[in-house]
Amino acid sequence: MRLTTKGRFAVTAMIDVALRGRMGPVNLSSISQRQRISLSHLEQLFAKLRRHELVESTRGPGGGYSLGRKAAEITVAQIILAIDGDIDQESRPLNEVPGAVKRCTTDELWAAVNRRAIEFLDSVTLQSLVDEQIARGVLIERERPLRAPVVPAATRPPLRVNAPNSVFALGAMLVKRS
């Protein structure tokens with residue numbers, strides 16, 4: 001099993017969505033700013049997460065991503081599997097690969113390590129990671145609204161201007177003065 005930067009970024013972004021998802025869909029640009037992950041990278045990751053039904057997307061203003069199911073039902077192994085592909089492919093011993101040379105290797109050792117890693121990551125839920133973040137005191141700031149709230153303008157009485165509003169009114173005013 002490979003633990004890649006992509007997988008690490010995906011787990012980090014999923015924690016972000018789980019922490020802030022109660023306030024509605026979380027947009028990728030806000031995750032990008034908070035977690036310092038490039039927006040194009042996040043778009044690729046979330047496309048894979050969506051295909052595996054770990055997140056749901058909402059289009060339009062105020063749209064973004066929310067969890068596809070409860071955080072307690074999503075494991076770190078599922079997130080990494082969605083991003084990095086089939087983790088069982090790497091656990092296949094070399095002597096089962098067609099054309100591999102038969103030799104004394106430690107394939108069984110690494111296969112066992114791989115199985116243990118998968119078992120461990122499968123036991124860690126997204127909810128447990130969120131709970132750890134909350135216990136550490138991570139502040140969940142409210143998202144800034146996309147638009148400023150509409151504040152009614154103060155009503156003032158119309159300003160009475162004693163100026164002419166046309167050429168004819170100006171001429172009439174000048175005639176009266178002379």
Side-chain angles (χ1 to χ4, degrees), residues 1-92 97 110-156:
M1 169 180 221
R2 292 179 301 164
L3 297 177
T4 64
T5 302
K6 280 193 221 177
R8 193 182 66 158
F9 284 166
V11 172
T12 302
M14 288 290 285
I15 292 170
D16 194 291
V17 170
L19 281 168
R20 290 165 179 82
R22 292 186 183 118
M23 294 179 264
V26 181
N27 63 32
L28 293 184
S29 62
S30 64
I31 296 172
S32 174
Q33 289 173 349
R34 279 191 298 272
Q35 305 302 332
R36 292 179 174 42
I37 303 171
S38 91
L39 183 58
S40 62
H41 201 82
L42 282 172
E43 288 169 347
Q44 293 171 8
L45 295 176
F46 273 79
K48 290 180 179 181
L49 292 169
R50 192 169 37 91
R51 270 186 247 124
H52 284 81
E53 299 178 348
L54 296 175
V55 293
E56 295 175 340
S57 62
T58 305
R59 294 181 179 211
Y65 287 90
S66 52
L67 295 179
R69 50 186 186 256
K70 294 178 183 175
E73 297 172 4
I74 299 173
T75 66
V76 174
Q78 291 170 337
I79 297 169
I80 291 173
L81 174 63
I83 298 303
D84 290 330
D86 188 11
I87 40 185
D88 289 332
Q89 186 68 19
E90 293 178 38
S91 63
R92 189 172 157 190
V97 176
W110 298 121
V113 168
N114 192 35
R115 280 192 302 275
R116 291 290 178 115
I118 293 168
E119 287 171 11
F120 172 73
L121 293 176
D122 207 32
S123 71
V124 179
T125 65
L126 186 57
Q127 185 62 53
S128 67
L129 296 175
V130 168
D131 293 342
E132 284 178 21
Q133 293 297 307
I134 292 171
R136 288 182 181 171
V138 171
L139 296 176
I140 306 169
E141 73 278 356
R142 290 197 55 98
E143 294 282 326
R144 283 182 273 159
L146 295 175
R147 295 182 185 155
V150 177
V151 179
T155 57
R156 292 184 267 173

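One is the number of the first residue; the rest follow in order along the sequence.
Between the side chains of S128 and D131, no donor N or O sits under 3.5 Å from an acceptor N or O.
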Q. Run the side chain to side chain contact (heavy atoms under 4.5 Å, CB included) check on L19 and V26 step by step: do they pass?
A. CA-CA 10 Å; L19 281 168; V26 181; over 6 Å; no
Q. Do K6 and K48 pass the side chain to side chain contact (heavy atoms under 4.5 Å, CB included) test, and can you show the C-alpha distance, the side-chain angles, and the key distance before you say yes or no?
A. CA-CA 11 Å; K6 280 193 221 177; K48 290 180 179 181; 4.1 Å; yes
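The distance from the OG1 atom of T12 to the CD1 atom of I15 is 5.5 Å, given to the nearest 0.5 Å. Here the CG atom belonging to L28 is positioned 9.5 Å from the OG atom belonging to S57, to the nearest 0.5 angstrom. How far CG of N114 is from CZ of R116: 12.0 Å, rounded to the nearest 0.5 Å.
Two residues are said to be in side-chain contact when any heavy atoms from C-beta on lie closer than 4.5 Å; L129 and Q133 fail this criterion. For the pair L126/V76, no side-chain contact is recorded, criterion being any heavy-atom separation below 4.5 Å from C-beta on. Two residues are said to be in side-chain contact when any heavy atoms from C-beta on lie closer than 4.5 Å; L39 and I31 fail this criterion. With a 4.5 Å cut-off on side-chain heavy atoms, L3 and L121 count as touching. At a threshold of 4.5 Å between non-hydrogen side-chain atoms, the residues V55 and M14 count as touching.
For the residue pair A10 and L45, the shortest heavy atom distance occurs at N-CD1, 4.0 Å. Across all non-hydrogen atoms, the minimal contact from A18 to V130 is CB-CG2, 3.4 Å. The nearest pair of heavy atoms linking P25 to T58 is CG-OG1, 3.7 Å. The two residues S32 and S38 have their closest heavy-atom pair at OG-C, 4.0 Å.
Atom CD of E53 is surrounded by 12 or fewer heavy atoms from other residues, nucleotides or ligands within 6.0 Å.
Within the 3.5 Å criterion, the main-chain N or O of T125 finds no donor-acceptor partner in the side chain of T75.
Of the charged side-chain nitrogens involved, at least one lies within less than 4.0 Å of a carboxylate oxygen, so that D16 and R34 count as a salt-bridged pair.
Judged as a ring-ring contact (aromatic ring centres under 6.0 Å, His included), the pairs with a partner in residues 26-49 (not counting sequence neighbours) are, in order, F9-H41, F46-Y65.
Not a single side chain to side chain donor-acceptor pair (under 3.5 Å) links E43 to another residue, sequence neighbours left out.
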Can you give each donor-acceptor pair under 3.5 Å made by side-chain atoms of residues 66-74, sequence neighbours left out, with the distance rounded to 0.1 Å?
| from | atom 1 | to | atom 2 | distance (Å) |
| --- | --- | --- | --- | --- |
| R69 | NH2 | Q78 | OE1 | 3.1 |

